[in-house]
Trainee: 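Take this structure, written in structure tokens, and hold onto it; I'll ask about it next.
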2 protein chains.
Amino acid sequence: MPASAVEAKQNLTAEAWAEAALDAIANGGLDAVAVEPLARSLGVTKGSFYWHFANRDALLRAALARWEQAETDDIVARIGPEPDPYARIVKLFKAANASYRAGRLYLAIAAAEDKPVVQAFVRRVSERRMNYLYDCYCALGFAPALARHWARFAYATFMGNLQIGRDTPDLMPTDAEFSEYVKLMIKTLIPRSASAVAGQDHPSFSADPVSSGATGD
Amino acid sequence: MPASAVEAKQNLTAEAWAEAALDAIANGGLDAVAVEPLARSLGVTKGSFYWHFANRDALLRAALARWEQAETDDIVARIGPEPDPYARIVKLFKAANASYRAGRLYLAIAAAEDKPVVQAFVRRVSERRMNYLYDCYCALGFAPALARHWARFAYATFMGNLQIGRDTPDLMPTDAEFSEYVKLMIKTLIPRSASAVAGQDHPSFSADPVSSGATGD
DNA sequence: GTCTATCCATACGCTTGCGTATGGATCAAG
DNA sequence: CTTGATCCATACGCAAGCGTATGGATAGAC
């Protein structure tokens, strides 16, 4: 009995292959999506793969589609039913640092933007996220031009924190210090004294939405 | 007469190979550093390469060392003789968005942090840059803990802007709007009403160091 | 002019991964 | 029990890239 990562070599699905491909991307980048190594890690051979997919590119597209779907689900599932735009940004910020794998996936996929297949996926996901932020800032009372700047600013900070957490994890604090860090960024990136927003009250602020655990997956 | 990219096939140097490797990294990522394709692009064959280098890894190390050196030179050459910490951060911000190739290089190299050879280089360069920012914020009067937070914050924004410029260039403004964007970030990332800094005067602020061209290389 | 060091070309074997072809195993239908 | 469909294994040809071995070309030393 092979005590491998795969217990029973029962029938694999195309989704299983796509998920394995995403795992490979999160670890070794896009080039790690190789048919034969993936088959080995799944406990089967290429024969299985070419039954479910036409070629390597088809697997790549399936994996990217699965990724885009997950990212889109995330953005609405985790912070969907939240009316307050301030709390929405806060939740988005926390969600961005929530999943280690999701961050690595994003960076790895974006790093291969030269491949034309990947480019479209990255653009859609990025634009969707920034548009979400843009809407939040608009809802906060910012003028469109300013809202675009703030949305880009905030999104850049998200992405940069992902990079720092991956490349120099020692420089990223944990626990209480991390909470302070996030609080500082949120306080800075969501200015309440905006030139357009009046003395509006944010009930979620008094509840301190920042200091409720942000790490872990 | 071959009107190739290389006019005369005179003697190549190891530095030429390393520079070509960096070009390859900036375009196709670390995996694009392949001996035979590089040799083709240089107008020679593998025979030349294995005269100058022991193997592919040696070239990679040479290229990364060259990159680290260039990054270190940059940080002191472009903003070295600047006493005012505020202006230092401003210059650093502008330098970060100055060279398109440098940004792509940074992202491409960082994307391969799983390779142990690369990891050390990325860590050194990143830590050096963040320490530079940390010193700036300390000089601005911030307490060490806060200075670390602000330095990380600012650095994350740098990196994120690099990503946005690479992945979704449409979402990155140009010309006057870009200037506004940079001005907003700088104004936000260098708070003058810090809890620790007194009524200190920054002569470079009245000179408006932000609005003097930041694009191009 | 010969000699030697430097730099590169050519040719070979080796590995890895892609894609195809074909057969084997399993299971449900009839 | 046979048949067909589903899922996978095995074996092959092919291309690309690494590393090595060896010889050729050029230039300066003497």
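Chain letters run A, B, ... following the sequence lines, proteins first, then strands; residues in each count from 1.
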Trainee: If you take any heavy atom closer than 4.0 Å to DNA chain C, which residues from residues 48-67 of chain B end up in contact?
Mentor: B/Ser48, B/Trp51, B/His52

Trainee: Is the closest side-chain donor-acceptor distance between A/Tyr132 and A/Arg88 under 3.5 Å?
Mentor: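 Checked: A/Tyr132/A/Arg88 side chains pair up, N/O donor to acceptor below 3.5 Å.
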
Trainee: So B/Tyr106 and B/Tyr155, would you call those rings parallel, tilted or perpendicular, with 30° and 60° as cut-offs?
Mentor: perpendicular

Trainee: Figure out the CG/P separation between B/Leu42 and C/dA9, and round it to whole Å.
Mentor: 11 Å

Trainee: For nucleotides 21-25 of chain C, print each protein N/O atom paired with a nucleotide N/O atom at under 3.5 Å, atom names and distance only.
Mentor:
none

Trainee: Out of curiosity, B/Lys94 NZ to B/Ser179 OG, how far, rounded to the nearest 0.5 Å?
Mentor: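 Going from NZ on B/Lys94 over to OG on B/Ser179, the span is 8.0 Å.
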
Trainee: Return each pair, listed once, that meets side-chain hydrogen bond (donor to acceptor under 3.5 Å, both in side chains) where at least one residue sits in residues 18-28 of chain A; pairs must be two or more places apart or across chains.
Mentor: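 Sorted result for residues 18-28 of chain A: A/Glu19-A/Arg66, A/Glu19-A/Arg101, A/Asp23-A/Arg101.
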
Trainee: Could you work out which one of D/dT10, C/dC8, C/dC18 sits closest to the side chain of B/Thr45?
Mentor: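 Of the candidates, C/dC8 comes closest.
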
Trainee: Which of parallel (below 30°), tilted (30 to 60°) and perpendicular (above 60°) describes A/Trp150 and A/Phe142?
Mentor: tilted

Trainee: Rounding to a whole Å, what distance do you find between B/Trp17:CH2 and C/dC7:C1'?
Mentor: 12 Å

Trainee: Counting side-chain heavy atoms from C-beta on, which of D/dC18, C/dC18, C/dA9 comes nearest to A/Ala34?
Mentor: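 Side chain of A/Ala34 sits closest to C/dC18.
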
Trainee: Compute the ring centroids of B/Phe49 and B/Trp17, then answer whether they are less than 6.0 Å apart.
Mentor: yes

Trainee: Got a second to check how far A/Tyr86's OH is from A/Ile190's CD1, nearest 0.5 Å?
Mentor: 5.0 Å

Trainee: For A/Leu59, run the side-chain contact (heavy atoms from CB on, under 4.5 Å) check against A/Val33, A/Val35, A/Leu64 and tell me which one passes.
Mentor: A/Val33

Trainee: Apply the salt bridge (charged side-chain N to carboxylate O under 4.0 Å, His left out) test between B/Glu68 and each candidate in B/Arg123, B/Arg128, B/Arg61; give the one that qualifies.
Mentor: B/Arg128

Trainee: Is it true that B/Asn161 and B/Tyr181 share a donor-acceptor pair across their side chains at a distance under 3.5 Å?
Mentor: yes

Trainee: Could you run down the sub-3.5 Å N/O contacts of the protein with nucleotides 24-26 of chain D?
Mentor:
none

Trainee: Please list, for nucleotides 11-16 of chain D, all pairs of protein and nucleotide N/O atoms separated by less than 3.5 Å.
Mentor:
none

Trainee: Under a 3.5 Å distance rule, please check whether A/Ser99 uses its side chain to pair with a backbone N or O of A/Ala95 as donor and acceptor.
Mentor: no

Trainee: Enumerate the residue pairs fulfilling side-chain hydrogen bond (donor to acceptor under 3.5 Å, both in side chains) with a member in residues 109-120 of chain B, sequence neighbours excluded, ordered by first and then second residue.
Mentor: A/Arg104-B/Glu113

Trainee: Mind calculating the distance between CG (B/Leu30) and C1' (D/dG17) to the nearest angstrom?
Mentor: 16 Å

